[in-house]
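In what follows, a single structure is set out as C-alpha cells and then discussed.
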Amino acid sequence: MNEAQLLDTQRAFDSVAADYDGPRGNNDLIQRMRLTLWDTVRREVPNGSRLLDLGCGTGIDAVEFASRGYHVVASDWSPRMVERTQARAAAAGVDAQVSAVHVGVHQLDRLEGGFDGIYSNFGPLNCAPDMVEVADQCARLLRPGGKLVFSVIGRICPWEVGYYFFKGRFKRAGIRATRGVTAVGMNRHTIWTQYYLPREFYRAFAPHFDLNSYRALSLFMPPPYLVDFYQRHRRFGEWLGRLDDRFGAWPVLRDMGDHFLIVMQRR
C-alpha cells in the first residue's frame with residue numbers, strides 16, 4: 001500500500017465523518033458487534049487501565065471506555081474523525097480521560113508506550129500497509145501481559161457471497177478472496193483494504209503475542225450493510241443473533257463471518 005492509497009483511504013473517511021454515527025457507521029447490526037468488543041475489552045483489561053484505540057472513528061468506543069473509568073488515547077488517520085472524537089468526549093464530559101490524536105495505524109512509532117490494552121474496532125487494521133510493523137509497534141507500546149482486542153474484516157463472509165451472487169454481481173461476491181490490497185468504494189471515494197483469515201492475521205503478531213481466542217462476528221446475522229433486511233425481519237434476525245452468540249466461537253465457524261474478534265496477549 002503506497003502513500004497515494006493511504007491518502008485515498010483518509011479522504012474516504014474524512015468524507016463520511018459528519019454522518020458516520022448514522023446508518024453507515026452505527027446501525028443496529030454494527031452496534032451489536034460493538035457491544036461484543038466492549039464486553040471483551042472490559043473482561044480482558046481491568047477498569048482504570050490505559051487503553052489505545054486504533055482507528056477510533058467518531059469516538060463512540062473511546063467515550064464508552066472513558067465513561068467506565070479507563071484512560072484512552074484515541075488515534076485515527078482521518079483528521080475529521082479525530083475532530084468528531086474530541087467533540088464527543090467534550091460533550092460527554094470525559095475529555096480529561098480521552099486524548100484524541102491524528103495518528104494512523106502506520107504511524108504508531110509516533111506514540112509513547114505504557115498501555116495496558118490496545119483495541120481496534122471494525123477494520124482499521126485492514127487498511128494497514130504493513131501488519132508486521134503494526135505488530136512490532138503494538139509490542140513496543142503494550143506492557144508485558146497486556147491485551148490486544150481487535151475486530152477485523154474477515155475473508156469468508158457467507159452472507160456477502162450469497163447476497164451478491166443472487167444479485168448477479170459475481171465479481172463483488174468474491175472480492176474478499178482477493179489476495180493483497182483491493183479497492184473498496186465508499187461515498188465516491190476508495191478505501192484500500194486487505195482481508196484476512198484469523199490465523200493469517202495472527203501470523204504477523206506471533207513473534208510477540210500469544211493467541212488467546214478468536215470468534216466470528218455476524219456469521220449467521222447479516223453484515224451491517226443489510227440492516228434494512230434485519231429491520232424488516234427483526235425477530236428472525238434476533239434468532240440469528242442467538243446463533244452467533246452460541247456458535248460463533250466454534251472451530252471452523254469462527255473462521256467465517258463479516259468480522260472476527262481476536263484476543264492476543266503480550267509475552
Side-chain angles (χ1 to χ4, degrees), residues 1-17 20 23-25 27 29-30 33 37 54-57 75-78 80-81 103-108 120-138 148 150-206 214 216-219 221-227 254-262:
M1 198 179 300
N2 57 42
E3 187 68 23
Q5 291 170 327
L6 288 168
L7 290 173
D8 283 344
T9 300
Q10 183 186 81
R11 285 189 286 265
F13 282 103
D14 277 350
S15 76
V16 299
Y20 207 59
R24 189 199 306 272
N27 62 45
L29 295 173
I30 288 174
M33 289 194 285
L37 181 132
L54 302 182
C56 63
S75 65
D76 204 286
W77 177 226
S78 162
R80 298 293 175 265
M81 291 293 191
V103 173
V105 294
H106 59 295
Q107 300 172 317
L108 299 182
S120 182
N121 211 358
F122 300 116
L125 292 171
N126 293 86
C127 302
D130 185 343
M131 196 60 67
V132 171
E133 175 64 17
V134 171
D136 290 345
Q137 289 298 327
C138 285
L148 303 180
F150 293 155
S151 172
V152 182
I153 306 172
R155 187 179 289 283
I156 304 171
C157 181
W159 263 95
E160 182 166 294
V161 173
Y163 174 72
Y164 284 111
F165 192 86
F166 179 77
K167 292 174 72 70
R169 297 177 61 183
F170 305 118
K171 184 176 180 180
R172 180 63 180 84
I175 194 170
R176 297 195 190 207
T178 304
R179 293 289 172 177
V181 179
T182 188
V184 178
M186 184 176 72
N187 201 34
R188 300 182 180 178
H189 292 269
T190 300
I191 302 171
W192 293 93
T193 305
Q194 184 161 340
Y195 299 100
Y196 296 95
L197 293 169
R199 290 281 180 175
E200 182 182 24
F201 180 84
Y202 171 64
R203 197 174 299 140
F205 293 83
Y214 66 92
L217 298 176
S218 281
L219 169 60
M221 294 191 78
Y225 53 83
L226 296 180
V227 67
R254 63 185 178 178
D255 292 304
M256 298 182 280
D258 185 59
H259 286 63
F260 59 85
L261 186 71
I262 187 167

Legend entry - Value rounded to 0.5 Å, distance of CD in E133 from CG in L108: 8.0 Å

Legend entry - Interatomic distance, L148 atom CG to L125 atom CG [nearest 0.5 angstrom]: 9.0 Å

Inset, instruction - Flag the pair H189 / F13 as yes when at least one side-chain heavy-atom distance between them is below 4.5 Å, and no otherwise. - result: no

Legend entry - W159 versus D258, side-chain donor and acceptor atoms under 3.5 Å: no

Inset, instruction - Could you give me the CA-CA distance, side-chain angles and deciding distance for L261 and M33, then say whether side-chain contact (heavy atoms from CB on, under 4.5 Å) is met? - result: CA-CA 9 Å; L261 186 71; M33 289 194 285; over 6 Å; no

Inset, instruction - Compute both the distance and the angle, then confirm whether R155 meets the cation-pi test with Y195: under 6.0 Å from the six-membered ring centre, within 45 degrees of the axis. - result: no

Inset, instruction - Test M81 against V16 for side-chain contact (heavy atoms from CB on, under 4.5 Å), laying out the working first. - result: CA-CA 9 Å; M81 291 293 191; V16 299; 4.1 Å; yes

Legend entry - Spacing of Y214 atom OH and F201 atom CZ [to the nearest 0.5 Å]: 13.0 Å

Legend entry - Test of ring centre spacing under 6.0 Å for F170 and F165: yes

Inset, instruction - Would you check if the side chain of N126 reaches a backbone N or O of Q194 as a donor-acceptor pair within less than 3.5 Å? - result: yes

Legend entry - Exercise: do Y225 and N27 side chains pair donor with acceptor under 3.5 Å: no

Legend entry - Closest non-hydrogen atom pair between A4 and R11, with its separation: O-NH2, 4.4 Å

Legend entry - From CD1 (I262) to OH (Y202), nearest 0.5 Å: 8.0 Å

Inset, instruction - Heavy atoms only: give me the nearest S15-N187 pair and the separation to one decimal. - result: OG-ND2, 3.0 Å

Inset, instruction - Could you pull out the closest heavy-atom pair between L54 and S75, with the gap in Å? - result: CA-OG, 3.7 Å

Inset, instruction - Rounded to the nearest 0.5 Å, what's the gap from OH on Y163 to SG on C157? Could you check? - result: 12.0 Å

Legend entry - C56 backbone acceptor or donor facing D76 side chain under 3.5 Å: yes

Legend entry - Residue pair F122 / H259, side-chain heavy-atom distance below 4.5 Å: yes

Inset, instruction - Could you grab the distance from atom CZ of R254 to atom CG of L217, nearest 0.5 Å is fine? - result: 13.5 Å

Inset, instruction - Give a yes or no on whether the backbone of V134 and the side-chain of Q137 come within a donor-acceptor separation of less than 3.5 Å. - result: no

Legend entry - Nearest heavy atoms of A12 and M186, plus distance in Å: O-CE, 3.6 Å

Legend entry - Residue pair W77 / Q10: nearest heavy atoms and the distance that separates them: O-NE2, 2.8 Å

Legend entry - Pairwise side-chain contact, C127 with V105, heavy-atom cut-off 4.5 Å (strictly under): no

Inset, instruction - Identify the heavy atoms of V227 and L29 that sit nearest to each other, and give their distance. - result: CA-CD1, 3.7 Å

Inset, instruction - Spell out, as yes or no, whether a donor-acceptor pair under 3.5 Å connects the side chain of T9 to the backbone of W192. - result: yes

Legend entry - R176 side-chain N/O to G154 backbone N/O, donor-acceptor pair under 3.5 Å: yes

